[in-house]
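Everything on this sheet refers to the single structure shown next.
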Amino acid sequence: MLEKNYNPKDFEENIYAKWENNGDFIPDMREDKEAFAIVIPPPNVTGVLHMGHALDNTLQDILIRYNRMLGKKVLWQPGTDHAGIATQMVVERNLAQEGLTRHDLGREKFIDRVWEWKKYSGGTICKQLRRLGASCDWSRERFTMDEGLSHAVRKIFVSLYKDGLIYKAKKLVNWDPKLETAVSDLEVVQKETVGKMYYYKYPLEDNPNEFIHIATTRPETMFGDTAVAVSKENPRLAHLIGKNCILPIVNRVIPIVGDEHADPEKGTGAVKITPAHDFNDFEVGKRHNLPMINILNPDATLNENTPFAGMTTQEARVKTIEKLTELGLMEKIEDHPMVIPYGDRSGVVIEPYMTDQWFVDAPKLAVEARRAVKDGEMQFIPAVYEKTYFEWMNNIQPWCISRQLWWGHQMPIWYGPDKHIFCEETEEQAQIEADKYYGHRVELVRETDVLDTWFSSGLWAFSTLGWPDNDKYLQTFYPTSVLVTAFDIIFFWVARMMMMSMYMMKKVPFKKCYIHGLVRDEQGRKMSKSKGNTVDPMETIEKYGADALRFFMASSETQGRDINLSDSRIQGYRNFATKLWNAARFCEMNKCYEAENFNISDAKLEINKWIIAKANEATQAVSESLNSYRFSESANAVYQFVWGTFCDWYIELTKPIFYGDNAADIEETRAVAAWVLDRILVILHPFMPFITTELWNNLTKRSHKLINMTWPTDIKVDAQDTQEIDWAIDFISAVRSLRAAMNLPAGAKLHAYVKGNVQDLQTIARQNKLICTLARLEELAPLADKEVSKDMVQTVCREATILIPLKGVVDFAAERERLNKELETLNKNLEGYARKLNNESFVAKAPAKVVEEEKRRQSEALENKAKVEEALARIANF
RNA sequence: GGGCGCUUAGCUCAGCUGGAAGAGCAUCUCGUUUACACCGAGAGGGUCGGGAGUUCGAACCUCUCAGCGCCCACCA
């Protein structure tokens, strides 16, 4: 017996535990079936589930469950990411509460602390994914710092290094002064601010009374200036090229060079060149062979190359301006809108900084990654994201992969005493190579830098499947079928996976990449902790159940658009689950699952054939839309079928049968109702796995688990019979509408008569009881023209006319108004049809089918118009 | 500066290859009946941002104007 009320909390977690304990998520590797695999975008190991995860993983789970039901061998590969910077920051923050820094602990002890923290908080997000219903194969859970995955990292690193695709270089990189590490371009966010533009001047060397005028937003960097640039095309300043000027305060002589970087229109037309602290200046410096003077310490305080060693840039800026003012060189200060780079994790201003770093030759790796998409080996859905991908790939820069952090994969690089580099998978191997190289034993020192987190996640599609071992899973599931992720990590992750996979596997990591949008708050604002508008998916699940949240995500997911969270909609889908629950109770109460064995294709009753046909249609709609990744359409198709067709009509139509006394009809209807409900449970299962399973298990004893049920195929049904019920439904709706329009008392039992064609009259004869019950009619009978009396109001159902005598009950003025309104609509429509059909080119050029349809509508409207006019004439005198 | 989107009912949004404008929520009216009030029946509400064009036919294609948003680049 089902509980009276739908209460998801009672069963969701138990059901999940059973699935997992029974190994229902583990692919059956024995069977030779088509493979379908998804690798999960690994969440940060210490993270917690947010709405974005809920969306992303709901979509994946729908695809996984759907394909499992299609009979494929299905793997959803789960795991977590060590998230270098993010995790290290959290642990450092924890340490700070104890008054410690990582340096107090030392590298080894600190890393121990991180592992401890991982152990403590690492399970959270995976538990939450379970709560959502994600049917991942947890027995294969991986972590990017696992030994296996670390091995993959070392192996591919060595390979890239030996192929010359990883190199060390002293370059200007984005430096995070808080974390004291390099970061990649992608980890820098540009923020608009109103800063200041400082105008001052440098005296010329050959005539200290002449000056060159400079404008800058960062005066304190002048100590790193090694030139001033002006454009050769600049008529006012070009004559200065080749001269020298004197850098004030430190009185260093620097040249004035001609360079196109100096835009005559901007600032003063002359630019101070600080090659070690500005990306543009760095390029200028290279072109003119300028010295690079580093003026910053790793924490972004000024160093001993400046007069203000130890000061922050802000302090030094004030001092510099003071000094320049004293020297009479300061000219003016203006407000200036500009963008300043911040570290997306640390939130501090990023400094371009000269250091030794390691780079991946991304431009080279991009070639194959680009080609694979161009050739359709990997397809973006929706396809527009291809453009974003190509845009980035075409302008890709070398990828800085070294991080001066402690938490991460330490690079497999060892240095000899003369700094010779040995890149091997293990220390032993490096030692062997070193022995060979030096001819005697030397002490090797390992590179302390670790790798960018995205380096290991870039391997995720194959490292999790067992690579570098030629594992059975790798053979079976690689390339994976589809990657589901948000657009904001196309560059971070999708592009890197493409590059790494094409390089190492010579195959794409996934054949398709489904990109979805962000989940925003109800007002469409981005959710963020600082704004305080985040909604915890766990609270939503607690309140409405995981199925309701999942269904919301599915039905809201339309390609290329963000989703605004909506509590009322989620509540609506909880109501939907309740509705289904109650429909199941109806079936239970009517002993539908106790019916004798019955072959569904033997159904005789029209309503039963009708619902079977509708179930076919719904199933097809769901399959087709899921096959083309149209999630909202598929969800809406089930929703519409369950509520609008099964509950609103079929259940109502079965009542006259269940409450009647025809045993054979009852038996057939029981069997069909149970069959339809089963069908619903199957096609709804990918979207709402919990309630469907709970009902599946409780309605009757089952030989198969719902999760493994085969996706249904069509059952042949006579189209004639289904059309008959469609007509009857229109008829019932027409009577109901008339009742409401005429304000008839609900209890009034009416008599109704019909004028129509043979088929219509047959239908009212055959479905008489059914129509009378649902339309609440006392009597329903055919009527000859001469029997039409003056007190009848009328309405139409397709080509049939429905007449209802209302002796004195009706307000004829209201009825006249109603009929006139209808006449107006008909006339408007007729005008439209005439316009089209009188148009010769329409008749000539439009497809015959369209023209025919237009003619049919016209004649139907004409008939209806005549009927309405007739009715108006009839009541004219009341 | 370069690129990409969006603008449809009061609100949030569907509308796949051009062929009579849809859903959910909200609103209004009514509610006999044990599957369900987390419900049922019925109704109102849109010149599909403005303009021009292509077409027999445009929410959909082209151009243009206006508004909104996102991504990338940019510290003179």
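In the text below, chain A, chain B and the rest are named by the order of the sequence lines, each starting its count at 1. Everything quoted here is computed from the prediction, not taken from an experiment.
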Hey, is the side chain of A:T558 poking within less than 4.0 Å of OP1 or OP2 on B:A14, counting only N and O atoms?
-> yes
Kindly point out which of B:A35, B:G40, B:C75 is positioned nearest to the side chain of A:D648?
-> B:G40
Please work out if A:Y833 contacts a base, only the sugar-phosphate, or nothing of the nucleic acid, heavy-atom cut-off 4.0 Å.
-> base
Could you please name the option among B:C13, B:C36, B:G42 that lies closest to any side-chain atom of A:R736?
-> B:G42
Less than 4.0 Å between a side-chain N and a carboxylate O, is that true for A:E853 and A:R856?
-> yes
Should A:K9 and A:E542 count as an ion pair when the cut-off is N to O under 4.0 Å?
-> yes
Could you tell me whether A:E522 atom CD has more than 12 heavy atoms of other residues or ligands within 6.0 Å of it?
-> yes
In dot-bracket notation, what is the pairing pattern of RNA chain B, taking Watson-Crick (N1-N3 plus N6-O4 or O6-N4) and G-U wobble (N1-O2 and O6-N3) contacts under 3.5 Å, with [ ] crossing and | for other strands?
-> (((((((..((((.....[..)))).(((((.......))))).....(((((..]....))))))))))))....
B:C38 base / A:T578 side chain donor-acceptor hit below 3.5 Å | yes
More than 12 non-hydrogen atoms from neighbouring residues, nucleotides or ligands closer than 6.0 Å to CD on A:E778, yes or no?
-> yes
Rounded C1' spacing from B:U7 to B:U55 in Å | 25 Å
Across the strands shown, which category fits A:H336 at heavy-atom distances under 4.0 angstrom: base, sugar-phosphate, nothing?
-> sugar-phosphate
NA contact type, A:R561, heavy-atom cut-off 4.0 Å: base, sugar-phosphate, or nothing?
-> sugar-phosphate
Among B:C75, B:U32, B:C56, which is the nearest nucleotide to the side chain of A:D278?
-> B:C75
If you check every side-chain atom of A:A740, which of B:G42, B:G19, B:A35 has the closest atom?
-> B:G42
Could you work out the separation of B:C6 and B:U62 based on their P atoms and round it to a whole Å?
-> 11 Å
Interatomic distance where CG belongs to A:D263 and C1' belongs to B:C74 [whole Å] | 12 Å
Counting heavy atoms from C-beta on, name the nucleotide in B:A35, B:C38, B:C74 closest to the side chain of A:Q190.
-> B:C74
A:E192 atom CD, over 12 foreign heavy atoms within 6.0 Å = no
To the nearest Å, give me how far apart CD (A:E652) and P (B:A35) are.
-> 8 Å
Give one of base, sugar-phosphate or nothing for A:Y659, where a contact means two heavy atoms less than 4.0 Å apart.
-> sugar-phosphate
C1' gap between B:G49 and B:C39, integer Å | 39 Å
For A:K655, report the nucleic acid contact type (base, sugar-phosphate, nothing); a contact means any heavy atom under 4.0 Å.
-> base
Is the distance between the ring centroids of A:F551 and A:Y573 less than 6.0 Å?
-> yes
Among B:A35, B:C38, B:U12, the nucleotide that comes nearest once only the side chain of A:I651 is considered | B:A35
Spacing of A:I729 atom CD1 relative to B:A41 atom P, expressed in whole Å = 12 Å
Could you tell me whether A:I350 contacts a base, only the sugar-phosphate backbone, or nothing, with contacts defined as non-hydrogen atoms closer than 4.0 Å?
-> base
Whole-Å P distance, B:C60 and B:G18 = 11 Å
Selected nucleotide, minimal atom distance to A:K579 side chain, candidates B:C72, B:C74, B:C36 | B:C36
Here the distance between atom P of B:C38 and atom CD1 of A:I570, to the nearest Å, is 18 Å
Under 3.5 Å, is there an N or O donor on one side and an acceptor on the other linking the side chain of A:E391 and the base of B:A73?
-> no
Nearest-Å distance, CZ (A:R569) to C1' (B:C13)?
-> 7 Å
In whole angstrom, give the distance that lies between atom CD of A:E192 and atom C1' of B:C70.
-> 14 Å
Would you say A:W649 reaches B:A41's phosphate, i.e. side-chain N/O to OP1/OP2 under 4.0 Å?
-> no
Does a side-chain N or O from A:R574 land closer than 4.0 Å to OP1 or OP2 of B:C38, or not?
-> no
Atom P, compared across B:U32 and B:U12: separation rounded to whole Å = 36 Å
A:Q190 side chain near A:Y342 side chain, heavy-atom distance below 4.5 Å | no
Nearest-nucleotide comparison on RNA chain B, the residue closer to the 5′ end among A:E522 and A:E854 = A:E522
Nearest-nucleotide check on RNA chain B, A:E860 vs A:N564; residue mapping nearer the 5' end is A:N564
Given the C1' atoms of B:G42 and B:G5, what is the spacing between them in whole Å?
-> 40 Å
Have a look at A:A215 and say if it touches a base, only the backbone sugar-phosphate, or nothing, with a 4.0 Å heavy-atom cut-off.
-> sugar-phosphate
Salt bridge flag under 4.0 Å for residues A:R857 and A:E852 | no
Look at all strands and tell whether A:N636 reaches a base, only sugar-phosphate, or nothing, counting heavy atoms closer than 4.0 Å.
-> nothing
With the side chain defined as heavy atoms from C-beta on, A:Y639 is closest, among B:A14, B:G24, B:C75, to B:G24
Rounded to whole angstrom, note down the P distance from B:A41 over to B:A35.
-> 14 Å
Check every strand shown and say whether A:A262 touches a base, only sugar-phosphate, or nothing at a heavy-atom separation below 4.0 Å.
-> base
What is the distance, rounded to the nearest whole Å, between atom CZ of A:F631 and atom C1' of B:A23?
-> 20 Å
Which one, B:C75, B:G2, B:C25, comes nearest to the side chain of A:S568?
-> B:C25
Quick one: is B:C75 close enough that its OP1 or OP2 comes under 4.0 Å of any side-chain N or O from A:N280?
-> yes
Are A:R520 and B:C13 close enough that a side-chain N or O sits under 4.0 Å from OP1 or OP2?
-> no
Note: A:D567-A:K543 ion pair, threshold 4.0 Å (strictly below) | yes
Please check if atom NZ in A:K849 has more than 12 non-hydrogen atoms from other residues, nucleotides or ligands closer than 6.0 Å.
-> no
Nearest listed nucleotide, side chain of A:K387, among B:A35, B:G5, B:C56 | B:G5
Just call it for A:C647: base, sugar-phosphate, or nothing, with non-hydrogen atoms closer than 4.0 Å on any strand.
-> base
What are the two closest heavy atoms between A:I295 and A:T221, and how far apart are they?
-> CD1-CA, 3.7 Å
With C1' as the reference atom in both, quote the distance from B:A58 to B:G53 in angstrom, rounded to an integer.
-> 11 Å
Taking only the side-chain nitrogens and oxygens of A:S737, find out if one of them lies under 4.0 Å from OP1 or OP2 of B:A43.
-> yes
Examine the side chains of A:D225 and A:Y202 and answer whether a donor and an acceptor come within less than 3.5 Å of each other.
-> yes
